[in-house]
2 protein chains.
Amino acid sequence: MTPLGYALLGLVQMQPRSGYALRKVFETTPLGGYSSSPGSIYPALKSLEKAALLVARDPSGKRGKGEYHLTAEGERLLHAWLASPIGDLGEAMLRFAFLRDDDRDATLTFLDAFLSAAESELAGLEAFLAGDGAKDLPARGRIAVEHGLRQLQASADWARWTREQYSTD
Amino acid sequence: MTPLGYALLGLVQMQPRSGYALRKVFETTPLGGYSSSPGSIYPALKSLEKAALLVARDPSGKRGKGEYHLTAEGERLLHAWLASPIGDLGEAMLRFAFLRDDDRDATLTFLDAFLSAAESELAGLEAFLAGDGAKDLPARGRIAVEHGLRQLQASADWARWTREQYSTD
DNA sequence: CCAACCATGTAAGCTGTTACATGATTGA
DNA sequence: TCAATCATGTAACAGCTTACATGGTTGG
């Protein structure tokens, strides 16, 4: 399963949509970073259908092939993904976008894990700068790494800020 | 040309290196994000060689195939890339890492362009949040977009901070 | 001498990009 | 009626990932 696949499952879970409607979401929102154009979305939908994670139903009138719905298996897979340990921070943000709105516990757990991951990556970059590995990079490389540090700090800040919004205690 | 290709050209321009040495750089620095393992690097080197952007020379002793050097064409292409207009910010950071250390003008030009690009993306995200496009995203989607805003702000801050370091006036 | 590292590759498979193709329907 | 948009696809190609394969050399 690719990120695009999970994004499609997540959008369909929010509400059943046709392939075209899904395509539009990617064209008109920042989700667009995960795809572009029919050439990726339709084949991806087809493969999700073949894997029995989605089904197309109820063509209204005779146009198109109807709207996609999650199968039980698709739902299972989506939730497993949402609950899986955090690896890549970018993928984690995609997951966050599809976390259930009402599940405060899952949200807080996620944010804690996200924060840990960001802090651990931060520590890694700092160790790299402190060590001698940086000698293989050009002089500008260190400044580029500084950019990475700031990005990770922003991620960590976001996690702390968001956590406060969600914790009622 | 892929980002990996440019990264290889840039590293070779810094100093001639063998395929193995290049591989090590990717394994031990944050540049690793652009590649992984022999399966991508060696084929990429081969294609750069076939395109006459790199040549392997001077096998010291009989081990390996020697070190890669830039051809005139390779150097031309690398510099064209370094000077090209900024599209993707991630790719732009890779370029920054390989900008010539002594070229203050190019650096300042780059940083200005980078800042503009970041600010323009910021404006885009803010417009998206203000508009009605956000209705297609789940509730958490807006908070995820907030993360994107913070990332772009961090990029813009980095550019301003770095610009100050480099401007002597 | 044996493990670790030097050093380079190949092959299968999946995904995504780009570009093209098709036909229906709606609004001006 | 003509352009735009709805709606869905296919085909060629490039690139990366994973996994496997192969030998030489150095250090303990």
Side-chain angles (χ1 to χ4, degrees), chain A residues 1-9 11-12 16-28 31-51 53-68 77 81 87-88 90-91 94 133 136, chain B residues 1-9 11-12 16-28 31-51 53-68 77 81 87-88 90-91 94 133 136:
Chain A
M1 282 289 304
T2 70
L4 175 56
Y6 285 117
L8 289 168
L9 291 184
L11 285 171
V12 167
R17 298 178 212 242
S18 67
Y20 185 77
L22 289 165
R23 198 154 86 66
K24 282 294 155 189
V25 175
F26 286 95
E27 266 176 12
T28 60
L31 229 46
Y34 288 97
S35 153
S36 77
S37 63
S40 47
I41 291 187
Y42 288 113
L45 282 170
K46 199 170 254 187
S47 98
L48 292 173
E49 225 182 340
K50 206 167 71 180
L53 304 169
L54 291 181
V55 272
R57 289 202 317 236
D58 311 320
S60 56
K62 77 201 63 180
R63 307 189 56 183
K65 53 191 302 190
E67 292 172 329
Y68 286 101
L77 190 67
W81 175 64
D88 177 65
E91 190 201 301
L94 180 63
D136 288 323
Chain B
M1 283 289 305
T2 71
L4 175 58
Y6 286 116
L8 290 169
L9 291 184
L11 285 171
V12 167
R17 298 178 212 243
S18 68
Y20 184 77
L22 289 165
R23 197 155 87 65
K24 281 294 154 189
V25 174
F26 286 94
E27 264 175 14
T28 60
L31 230 45
Y34 289 97
S35 154
S36 76
S37 64
S40 48
I41 292 187
Y42 287 113
L45 283 171
K46 200 172 251 186
S47 98
L48 292 173
E49 225 181 338
K50 207 167 73 182
L53 304 170
L54 289 182
V55 273
R57 289 202 318 234
D58 311 320
S60 58
K62 78 202 57 183
R63 306 188 56 182
K65 53 191 301 190
E67 294 173 326
Y68 286 101
L77 190 68
W81 175 64
D88 177 65
E91 191 201 299
L94 181 64
D136 288 322

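In what follows, chains are A, B, ... by sequence order, proteins preceding strands, each numbered from 1.
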Quickly work out the [X] [atom1] to [N] [atom2] distance and round it to whole Å.
{"X": "Glu27(B)", "N": "dT8(C)", "atom1": "CD", "atom2": "C1'", "value": "14 Å"}
{"X": "Lys50(B)", "N": "dG15(D)", "atom1": "NZ", "atom2": "C1'", "value": "14 Å"}
{"X": "Lys24(B)", "N": "dA4(C)", "atom1": "NZ", "atom2": "P", "value": "14 Å"}
{"X": "Phe26(A)", "N": "dA7(D)", "atom1": "CZ", "atom2": "C1'", "value": "17 Å"}
{"X": "Ile41(A)", "N": "dG16(C)", "atom1": "CD1", "atom2": "C1'", "value": "12 Å"}
{"X": "Leu48(B)", "N": "dG9(C)", "atom1": "CG", "atom2": "P", "value": "13 Å"}
{"X": "Arg23(A)", "N": "dT5(D)", "atom1": "CZ", "atom2": "C1'", "value": "10 Å"}
{"X": "Leu4(A)", "N": "dT17(C)", "atom1": "CG", "atom2": "P", "value": "9 Å"}

| query | For Ser37(B), which contact category applies under a 4.0 Å heavy-atom criterion: base, sugar-phosphate, or nothing? | reply |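 Base: the residue Ser37(B), judged by heavy atoms under 4.0 Å, touches a nucleobase.
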Next item on the list: Quick one: label Gly39(A) by what it contacts on the DNA or RNA (base, sugar-phosphate, nothing), any heavy atom closer than 4.0 Å.
Entry: base
**Message:** Strictly below 4.0 Å, N to O, side chains only: are Glu27(A) and Lys24(A) in salt-bridge contact?
**Reply:** yes
For [N] and [X] - does any side-chain N or O of the residue sit under 4.0 Å from the phosphate oxygens OP1/OP2?
{"X": "Lys46(A)", "N": "dT8(D)", "value": "no"}
{"X": "Thr2(A)", "N": "dG16(C)", "value": "yes"}
{"X": "Ser40(A)", "N": "dT17(C)", "value": "yes"}
{"X": "Lys65(A)", "N": "dG9(D)", "value": "yes"}

Any [X] side-chain heavy atom under 4.5 Å of [Y] side chain:
{"X": "Leu48(B)", "Y": "Met1(B)", "result": "yes"}
{"X": "Leu8(A)", "Y": "Tyr34(A)", "result": "no"}
{"X": "Tyr68(A)", "Y": "Leu11(A)", "result": "no"}

Among the nucleotides dA7(D), dT17(C), dG9(C), whichever has the atom closest to the side chain of Tyr42(A) is dA7(D)
- Query: Of the nucleotides dT10(D), dC16(D), dT8(C), which one has an atom closest to the side chain of Pro43(A)?
  - Reply: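 Of all the options, the side chain of Pro43(A) is nearest to dT10(D).
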Residues Leu4(A) and Ser35(A): closest non-hydrogen pair is CD1-CB, 3.7 Å
